[in-house]
Amino acid sequence: MDDEEADLREQIFHNNVREQIIFLLLFILLYLFSFMLIEKFRRRDSDDYFTADEDEVKVYRISLWLCTFALAVSLGSALLLPVSIVSNEVLILYPNSYYVKWLNSSLIQGLWNHVFLFSNLSLFVFLPFAYLFSESTGFPGCRGLKGRVYETFIVLALLGVAMLGLAYVISAWLEGDRSSLDALLNLWTYLPFLYSCVSFVGVLMLLVFTPLGFVRLFGVVGGVLVKPQFLRDLNEEYYVYSFEEDTIRRRIETSLTTGIGYISPEPMYPDRGDISAPVDADASMSKGSKNSSPEGKGTPLLRLRNGALQAGLKERLQRIVAMRKEVENQRKTSSLQRNVVYPLAMLLLLALTTITVLMVLQNTLELLIGIKALPLSTRQFTLGIASLSKLGWAGATLEAFLILYLHAASLTGLSTPMRALRVLPRARRTPLARIIALCAVLLAHSTAQPLLVKILGITNFDLLGEFGRIEWLGNFKLVLLYNAIFAATVTLCLVSKFTASVRRELYNRFKWVAEVFITPEDLPIPNISTVSPQLSADRTVIAEKTDKSHLKTD
């Protein structure tokens with residue numbers, strides 16, 4: 001009996017060591033990928049990194065390491081459900097394989113627990129510490145790295161007390177039985193509660209940005225892939241843009257060398273093309289050109305003079321170069337990619353979005369009928385017992401792809417307001433404070449992703465660990481309302497996306513019909529001198545010549 005207990009303890013010890021080694025290897029991979037990602041975007045100049053102060057360099061590096069840790073945790077949280085689903089199907093397909101014996105329920109359960117713990121630490125400890133540490137200067141009389149550490153810890157402790165007090169007030173307001181002194185002293189209960197509040201905000205954020213991301217993905221794919229070019233001669237367009245580019249370059253060189261402030265020679269057909277068409281002169285005026293024409297945005301190039309003419313020609317040259325490069329890329333793209341890959345990509349996006357909406361509608365009906373339970377789960381899940389999908393491994397693979405697709409759509413939708421606020425990361429130009437803020441947003445977004453997938457009923461895989469014990473997941477009205485709003489917003493966004501051109505064309509047609517059916521008597525008689533000064537002057541000259549001819553005749 002003692003030998004059996006010793007063998008059992010030894011087996012448990014070896015299993016634990018193996019799991020910790022696997023966790024460490026996975027975390028190292030995620031950390032390296034996160035480090036390369038941050039290295040691509042972080043700013044590298046004297047204002048942010050390169051400095052003569054050694055303490056500043058150490059502070060910067062420590063803050064950057066904490067940001068990398070948080071980003072690695074967010075990546076692990078985004079991959080939790082797909083990895084768990086694929087692991088379950090692998091154990092079902094190969095139950096007796098020697099190469100997958102390390103993959104078990106204890107490993108997946110430990111992975112969920114580690115991600116939950118590190119997510120809380122990153123949100124409430126590491127990222128606030130990184131920001132406060134980078135902004136600290138030290139107490140008077142205690143400067144240097146040690147003084148900055150003391151200041152950061154004291155400010156972080158005060159912030160923690162404020163957050164715990166706020167959590168106690170909110171929990172006492174929501175649940176009256178938790179407002180006792182024992183609940184106040186039990187500090188460990190506040191961390192999951194704070195995390196549930198943050199996850200609720202993240203889920204609401206996903207409700208807004210995921211439908212928007214579904215629509216934005218079509219534009220992103222359309223910008224990456226080349227669209228089919230029917231009834232267009234790309235070679236002819238390329239030569240037209242090339243010739244126009246050469247012509248504008250010669251005119252700019254002539255204007256710079258000779259000092260001529262007008263187009264010489266003038267075009268043979270000034271009424272054609274963009275030479276006499278209105279151009280945007282704001283760019284030349286905003287550059288501080290003293291000789292810019294004040295005529296504004298609707299001034300043709302032929303009427304511009306001096307510096308305004310050169311600015312207008314340069315602006316026109318930039319547009320022509322951009323169009324020429326676009327047509328050149330379309331010429332170099334193979335017809336297979338234009339005519340096959342692009343339609344297939346668009347159909348794939350449409351199919352994934354439609355399947356997602358149908359699954360959400362099915363989940364809503366099952367919740368109403370009572371067939372499906374709420375996403376709140378506290379039971380222990382065992383891998384390799386049964387497939388999570390009725391379609392077997394194919395259905396589970398589709399669920400994993402849908403989860404990744406939801407994550408990509410929500411990130412695409414999140415980038416829209418960030419681009420409007422000009423807080424998107426830029427390569428080698430993103431400061432440390434913005435990196436910390438972006439890591440916090442991505443961490444809140446990624447940790448709310450498993451909750452979103454489970455609420456929408458995309459998969460039957462139960463949330464493990466503390467993820468399944470978040471209390472607001474057991475609110476029937478909240479979950480049902482969330483599903484209904486998500487399905488409605490995604491449907492409206494798709495309908496608006498694919499019918500925008502049709503609605504615009506119908507509006508133009510109705511406007512044209514209204515203009516046609518207006519009788520000439522209803523139109524005001526224009527003053528010819530205000531409509532066309534040149535035509536009025538010509539009319540005066542003709543009248544004078546007519547009078548002179550009559551005098552000669554007399």
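Values reported hereafter were calculated over all heavy atoms of this structure, with side chains retained and with hydrogens, waters and symmetry mates removed. Everything numeric here is computed off the predicted structure, so don't read it as measured data.
Looking at L424 and M418, their side chains come closer than 4.5 Å, going by heavy atoms from C-beta outward. Side-chain contact between F35 and L30 is absent, with no heavy-atom pair separated by less than 4.5 Å. Residues L80 and F116 have side chains not in contact (no heavy-atom distance under 4.5 Å, counting atoms from C-beta outward). The shortest side-chain heavy-atom distance between T447 and L443 falls under the 4.5 Å cut-off. Taking the side chain as every heavy atom from C-beta outward, L206 and Y482 approach each other to under 4.5 Å. In this structure, I435 and P425 have side chains that are not in contact, with every pair of non-hydrogen atoms separated by 4.5 Å or more. In this structure, the side chains of L361 and N483 stay at 4.5 Å or more apart for every pair of heavy atoms. The shortest side-chain heavy-atom distance between F486 and P211 falls under the 4.5 Å cut-off.
Distance CG/L29 to CZ/F33: 11.0 Å, rounded to 0.5 Å. We find the OG1-CG distance between T364 and L367 to be 6.5 Å, quoted to the nearest 0.5 Å. Here N113 contributes atom CG and I108 contributes atom CD1; the two are 11.5 Å apart, rounded to the nearest 0.5 Å. In this structure, CG on L207 lies 12.0 Å from OG on S410, to the nearest 0.5 angstrom. The distance from the SG atom of C439 to the CG atom of L71 is 5.0 Å, given to the nearest 0.5 Å.
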Open item on the list: Checking F401 against T397 for the side chain to side chain contact (heavy atoms under 4.5 Å, CB included) test, could you report, in this order, the C-alpha distance in whole Å, the side-chain angles of both residues, the deciding distance, and whether it holds?
Closed with: CA-CA 6 Å; F401 273 113; T397 305; 3.6 Å; yes
Open item on the list: Set out, in order, the CA-CA distance, both residues' side-chain angles and the distance that settles side chain to side chain contact (heavy atoms under 4.5 Å, CB included) for L107 and F23, then state yes or no.
Closed with: CA-CA 9 Å; L107 180 68; F23 293 152; 3.5 Å; yes
Open item on the list: Assess the residue pair N120 and V198 against the criterion (side chain to side chain contact (heavy atoms under 4.5 Å, CB included)); give the C-alpha distance rounded to whole Å, side-chain angles, the decisive distance to 0.1 Å, and a yes or no.
Closed with: CA-CA 10 Å; N120 283 276; V198 173; over 6 Å; no
Task: Derivation and outcome, side chain to side chain contact (heavy atoms under 4.5 Å, CB included), residues E366 and Q362 - done: CA-CA 6 Å; E366 290 179 354; Q362 180 185 358; 3.2 Å; yes
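A perpendicular orientation is assigned to the rings of F118 and H114, their planes being inclined by more than 60° (bins at 30° and 60°). Ring geometry for F126 versus F69: interplanar angle over 60°, hence perpendicular rather than tilted (30 to 60°).
Between the side chain of T430 and the backbone N or O of F41 there is at least one donor-acceptor pair closer than 3.5 Å. Using modelled atom types, one side-chain atom of N363 and one backbone atom of I455 make a donor-acceptor pair closer than 3.5 Å.
Ring centroid separation for the pair F214 and Y405 comes in under the 6.0 Å cut-off.
Between V59 and S134 the shortest heavy-atom distance is CG1-CA, 3.7 Å. Contact record, V215 with L494: CG2-N, 4.3 Å, taken as the closest heavy-atom pair. Listed here is the closest heavy atom pair of V490 and T353: CG1-CG2, 4.0 Å. Contact record, L127 with I436: O-CG2, 3.9 Å, taken as the closest heavy-atom pair.
No side-chain donor-acceptor contact under 3.5 Å links H445 and S74. With no hydrogens or angles considered, no side-chain donor-acceptor pair links S136 and Y150 at under 3.5 Å. In summary, the side chains of Q449 and S77 do not present any donor paired with an acceptor at a separation below 3.5 Å, with no hydrogens or angles considered.
Judged as a side chain to side chain donor-acceptor pair (under 3.5 Å), and not counting sequence neighbours, the contacts of R18 are N15.
Contact check on E56 versus R148 returns a salt bridge, with a Lys/Arg side-chain nitrogen under 4.0 Å from an Asp/Glu carboxylate oxygen.
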